[in-house]
Amino acid sequence: MLHRQIEERLRAAVAQVAPEADPGAILVRPCPDARFGDYQTNALMALAKARRTNPRQLAQAVADAFDAPGLCDQIEVAGPGFLNFRLTPQALVHSLTEAARGRHLFFATAAAPQTVILDFSSPNVAKPMHVGHIRSTILGDALARTFRLLGHRVITDNHIGDWGTQFGMLLVGWKTLLDPAALERDPIAELERIYRAVNARCSEGKPEFDRTTLEQARGELVRLQAGDAENTAIWRRMIALSQEQFATIYGRLGVRFDHALGESFYNDRLAGVVRELESAGIVRESEGALVAFFDDLPQLQRHPAIVRKSDGAANYTTTDLATLQYRLTTWNPDAVIYVTDGRQQLHFQQVFEIFRRWQPQARVRPAHVWFGSILGEDNRPLKTRSGENIKLADLLDEAEERALQVVAGKNPDLPEPEQRQIARMVGIGAVKYADLLPNRQSDYVFSWDKMLALNGNTAPYLLYAATRIRSIFRKLAESGETFDLATAAAHLTLNEPAELALAKHLHGFDLVLHAVAEEHRPNYLCNYLYELAGQFTGFYEACPVLRAEDPVRTSRLVLCELTLRVLARGLHVLGLELPDRM
RNA sequence: GCGCCCGUAGCUCAGUCGGAUAGAGCAUCUGCCUUCUAAGCAGGUGGUCGCUGGUUCGAGUCCAGCCGGGCGCGCCA
C-alpha cells in the first residue's frame, strides 16, 4: 500500500530528526486537493509544537532526511508545516502491476489479527421479523464481513429472544386456540395470532381482560421454567418454527451466523452470576430486588441496574452478563461488539460497568455499536398505515417488486427470469445500501424512490457502474479475444489525467477498510465506492477502451479489471450481490 | 430533573477523530447520444456549518453556556 510505504519512510526520516517522536502519531493521508499532491502529513506541526520549534523548519528538516527513491520524487513543505508527497508514475504502475498479478487488492490485512465476536440481529421467537431488525442485521453483517476481509477471526452469534414471560401466554394460546391448518400454512402468523389473543386477555384495562387466562399463563410459564416435559416440547417446537422463518430471511439477505445461542442457553448460569455479583459486593438488596448502584459514576449515578427482580427472576442485564462471561471463557475474544438500537445505550453502559467490576482482569473490549431509527415519510418510526410493524419479508418482497419494475422498464428485452434475478440483487441491495449509507447514529427516512434511484449514491448506481465494466469484457469475449490480467499488466501505462486519478483512487481502499473496522462505520466504504464509481465513469467518458490502440487498449483493460475487482470486493463486503448486466 | 444523540446549501444527507478554498444527490439553469450501456458525463446557481464565548499556528470537528429537536431513565427486552 503506497501510503503505508510513504509512512514508513517518513517515520524513518522523523526518527533521524526527532528521535523522541512517537512513530504511531506520524500518519500519511491522501491530500484533500490534488493540487497539493497525492499524500500529506500534518503530524509535523504537532511535533514542532511539542518540541517548541518552528514547524516549517522542522518539516524542511524531515523533508531533507526523507529518502524514498522511486516512490516519491517530489516532496514539499507547504502552508504552516504540511509535508506534501507526490507519487512517481513508476510507483503507481508498479503497485497496479502487483495487484494485477494477484499480490494484493489495494489493502493490507491487520497487522495483529484479533478475535472479534459480533452480536447482532437478535429476533424474537414466535414473532415475525420486522423493520426493527433490519439495521442490526445489515450493519452487523457488513461489519463481520469487513473484519473477516482484514484477516480477523470473526464469530457471529445471534442472541435470539427465545425466553421470557411471553411464553406463558404462547403456551396458553397453543393449548386452547391453535389452528393446526393455519400453523401449517404460516406458522409465524398463527403464533402471532394466538399470542395477541391471549395477550389481550392478560392485559388489565383491555375489554378482553380475563383474570383466569392471566393465571393460566403464569402457571404455564412456571411449568416451562420448571422443565415440564409437555411445555418444553411445545416451546422447542415454537423455536424450531421460528428458526425456519429466520433461515428464510437470512437466506434472502445473504446473512449467516456461526452461532445462534438464544437467551435460554444461559438460563442455568444466571443464578451463579447473581451469586458472584452478590458475594463480590457489586449488588445489594433494594426494595426486594438485587441492584447494582454506580454512585461514583456521574453518568450512571441516577441509573441503578437490577440484576434480580423482586420476584426472584433474572432480567436481561443478568442474561447479558452471563452471555459475556460465556463468550469470554469459550472464545477468549479481544472484542465483543453489540449492534443494537441507540435506545439501549444506558443498558449496555450498565452491563459493561458491572462486568468491569466483576471481572477487572478481563482484557476484552466490549463495544456497543448503536444506530438510529428508520423513519417513515412522516418522520415518525416506520410503520404500516394501520400502525403495525412492517414485516421484513413484506419489505423485501416490495423491494424486489419495485426493482423489477425499474429493470423491466429500462431493459425490456432481457428474458424475464434474468430480469427477476437482477431485480432481486438490485432490490435487496438497495435496501441494504440505503441502510448502510447514512452515518449509523443518525435516524434516516426510508424512501423507496431514493434507494432505487439510478443516480446519486445508491445501490443501482454502483451496481450499474460495475456492470458497465463487465460489459466491456463481455464485448471483448464476444469478439473472440482473450484477456489475461497478469500478462496484460506488463503493458500498463498511465498518461491521461482520468487514468491517473482512477489509479490513485484505487489505493484508497486500504485506508477506508481499516477506518470501517476501527470505527464500525460501513458508510465510509459506501462513500469510497461511490467516489470510485464516479472516478471510473469519468475515465469511461474520457478514455475509450476497446476502441483505443494497443498498448493503451490493454493498459486500460487492466485498469478496468482492477477497478471492477475493488468495486466487487467492496460491494461484497457491504453484502451486495453484483449482477452480470443490468 | 438527570443522561445520550442531533442541528451543515431550498430539500435529504456526507464530512475517516483538529488541517489547506466545507462536499454529494435531489431541485433549478447550460451543454453532451451515427462512438465500449445517456440507468451516464461536463459545467453554472446555491453556505454566518443553530447562537454566544473559549482553547490554538489552525475549529463544521474539542470545551462551556444558551436555543431548538429526537431518544432513554428499577423490577419489558
Side-chain angles (χ1 to χ4, degrees), chain A residues 29-33 35-36 40-42 45-46 48-49 55-56 78-82 84 122 124 161 164-166 263 286-292 298-311 313 315-317 319-320 340-347 349 370 372-373 375 379 406-407 409-411 437-439 441-445 447 449-450 453-458 460-461 463-465 467-476 508 511-512 514-516 518-519 521 523-528 530-531 534 537-538 540-548 556 560 581-582:
Chain A
R29 296 284 110 115
C31 283
D33 188 325
R35 281 186 310 232
F36 297 135
Q40 66 165 243
T41 185
N42 57 45
M45 289 179 278
K49 176 181 279 187
R56 284 189 61 100
F82 291 97
N84 290 328
S122 314
N124 294 312
T165 49
Q166 73 272 25
E263 291 169 6
S286 168
E287 297 173 37
L290 271 180
V291 184
Q299 287 176 338
L300 295 179
Q301 238 170 24
R302 292 162 185 274
H303 305 293
I306 289 175
V307 302
R308 193 180 68 199
K309 302 189 283 186
S310 52
D311 67 0
N315 67 1
Y316 72 137
T317 300
T319 310
D320 277 350
T340 85
D341 197 282
R343 286 174 297 198
Q344 293 188 42
Q345 284 175 88
L346 178 58
H347 165 68
Q349 279 181 32
W370 61 270
S373 311
L375 308 177
N379 274 339
V406 175
V407 171
K410 293 291 179 186
N411 222 335
L437 179 64
N439 179 327
Q441 290 178 334
S442 49
D443 297 344
Y444 78 94
V445 176
S447 162
D449 289 342
K450 277 190 182 162
L454 310 160
N455 20 358
N457 197 348
T458 65
Y461 176 87
L463 297 176
Y464 172 64
T467 56
R468 274 177 134 180
I469 305 180
R470 288 198 163 162
S471 174
I472 291 173
F473 287 99
R474 191 163 43 241
K475 274 249 157 39
L476 191 72
L511 219 44
V512 83
H514 288 277
V516 169
E518 186 76 24
E519 296 181 48
R521 292 188 189 277
N523 65 309
Y524 292 157
L525 181 55
C526 296
N527 288 324
Y528 169 78
Y530 179 59
E531 286 163 11
T537 42
Y540 184 89
E541 298 283 330
C543 303
V545 179
L546 294 176
R547 284 180 285 105
R556 288 180 180 167
C560 286
R581 53 181 172 174
M582 286 173 72

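Scope of the values below: all heavy atoms of this structure, side chains included, with no hydrogens, waters or symmetry mates. Throughout, a chain's letter reflects where its sequence line sits, starting with A, and its residues are numbered from 1.
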Evaluate the side-chain proximity of Arg521(A) to Asn439(A): yes if any heavy-atom separation is below 4.5 Å, no if none is. yes
Tell me: CE of Met45(A) to C1' of G18(B), nearest whole Å? 10 Å
Need one value for Glu263(A): base, sugar-phosphate or nothing, where a base atom within 4.0 Å counts as base even if backbone is also close, heavy atoms only. sugar-phosphate
Check the distance between A24(B)'s P and Asn523(A)'s CG and give it to me in whole angstrom. 18 Å
Please measure how far the P atom in C51(B) lies from the corresponding atom in G10(B), and state the result in whole Å. 13 Å
Quick check: do Ile306(A) and Asn315(A) have side-chain heavy atoms less than 4.5 Å from each other? yes
How many Å lie between CG on Asn457(A) and P on A14(B), as a whole number? 11 Å
Nearest heavy-atom approach of His303(A) to Leu346(A) is CB-CD1, 3.9 Å
Checking Phe473(A) now: which residues fulfil ring pair (Phe, Tyr, Trp, His ring centres under 6.0 Å) with it, not counting sequence neighbours? Phe483(A)
Could you check Asp33(A) against Tyr530(A) and say which one's nearest nucleotide on RNA chain B is further toward the 5' end? Asp33(A)
Contact letters for nucleotides 27-44 of chain B, in which S counts primed atoms plus P, OP1 and OP2 and B counts the base, heavy atoms under 4.0 Å: --------BBBSBSS---
I'd like to check Pro30(A) versus Gln40(A) (side-chain heavy atoms, cut-off strictly below 4.5 Å). Are they in contact? no
Can you tell me, in whole Å, how much space there is between the P of C41(B) and that of C6(B)? 32 Å
Looking only at N and O atoms, is any donor in the side chain of Glu531(A) or the base of A24(B) less than 3.5 Å from an acceptor on the other one? no
To the nearest angstrom, how far is Arg56(A) atom CZ from A20(B) atom C1'? 12 Å
Given side chains that start at C-beta, do those of Pro80(A) and Met45(A) come closer than 4.5 Å, heavy atoms only? yes
Just wondering, do Tyr316(A) and Val307(A) contact through their side chains at under 4.5 Å, heavy atoms? no
How does protein contact run along nucleotides 71-76 of chain B, one letter per nucleotide 5' to 3', with B for base contact, S for sugar-phosphate only, - for none, heavy atoms under 4.0 Å? SBBBBS
Ala78(A) and Asn84(A): which non-hydrogen atoms are nearest, and at how many Å? CB-ND2, 3.5 Å
Students often get this wrong, so: under 4.0 angstrom with heavy atoms, is Tyr524(A) touching a base, only sugar-phosphate, or nothing? sugar-phosphate
Is there a side-chain contact between Pro460(A) and Val406(A), using heavy atoms and a 4.5 Å cut-off? no
Atom C1', compared across A9(B) and G47(B): separation rounded to whole Å: 6 Å
Do nucleotides 58-64 of chain B as a string where each nucleotide becomes B, S or -: B if the base has a protein heavy atom under 4.0 Å, S if just the sugar-phosphate does, - if no protein is that close. -------
Trace of the side chain to side chain contact (heavy atoms under 4.5 Å, CB included) decision for Arg29(A) with Thr41(A): CA-CA 6 Å; Arg29(A) 296 284 110 115; Thr41(A) 185; over 6 Å; no
Are any of the side-chain heavy atoms of Asn523(A) and Val516(A) separated by less than 4.5 Å? no
Taking only N and O in the side chain of Ser442(A), is any of them less than 4.0 Å away from OP1 or OP2 of A14(B)? yes
In whole angstroms, the gap separating P of C2(B) from CD of Gln349(A) amounts to 17 Å
Non-hydrogen side-chain atoms of Ser122(A) and Thr340(A) separated by less than 4.5 Å: no
Under the side chain to side chain contact (heavy atoms under 4.5 Å, CB included) criterion, do Arg470(A) and Arg581(A) qualify, and how do the steps go? CA-CA 7 Å; Arg470(A) 288 198 163 162; Arg581(A) 53 181 172 174; over 6 Å; no
Whole-angstrom distance between C71(B) and G25(B), as gauged at atom P: 32 Å
Using centres under 5.5 Å plus planes under 30 degrees as the test, is Phe82(A) stacked with G19(B)? no
What interatomic distance, in whole Å, is found between C1' of A59(B) and the corresponding atom of G54(B)? 11 Å
Rounded to the nearest angstrom, tell me the gap between atom CG in Leu375(A) and atom P in G69(B). 17 Å
Residues at least two apart in sequence or cross-chain that pass ring pair (Phe, Tyr, Trp, His ring centres under 6.0 Å) with Phe36(A), listed by chain then number, are none
In this structure, SG of Cys560(A) is separated from CD1 of Ile469(A) (nearest 0.5 Å) by 6.0 Å
Any base atoms under 4.0 Å from Asp449(A), or only sugar-phosphate, or nothing? Heavy atoms, all strands. nothing
Which part of the nucleic acid does Arg556(A) contact within heavy-atom distance under 4.0 Å: base, sugar-phosphate only, or nothing? nothing
Nearest-Å distance for atom pair CD/C1', residues Gln344(A) and A77(B): 7 Å
When the C1' atoms of A20(B) and U12(B) are considered, how many whole Å apart are they? 29 Å
Asn439(A) atom CG is separated from G23(B) atom P, nearest whole Å, by 20 Å
Taking the same atom, P, in C63(B) and in U21(B), what whole-Å distance lies between them? 24 Å
Please determine whether the number of non-hydrogen atoms from other residues, nucleotides or ligands lying under 6.0 Å from atom CD of Gln301(A) exceeds 12. yes
Please classify the nucleic acid contact of Ala48(A) as base, sugar-phosphate, or nothing, using heavy-atom distances under 4.0 Å. nothing
Answer syn or anti for C41(B), where the cut-off is 90° from 0 on the glycosidic torsion. anti
The answer to which of Trp370(A) and Val445(A) contacts RNA chain B further toward the 5' end, by nearest nucleotide, is Trp370(A)
Which stems does RNA chain B form, counting runs of 3 or more consecutive Watson-Crick or G-U wobble pairs with both distances under 3.5 Å? B:1-7 with B:67-73, B:10-13 with B:23-26, B:28-32 with B:40-44, B:50-54 with B:62-66
P gap between G69(B) and U8(B), integer Å: 14 Å
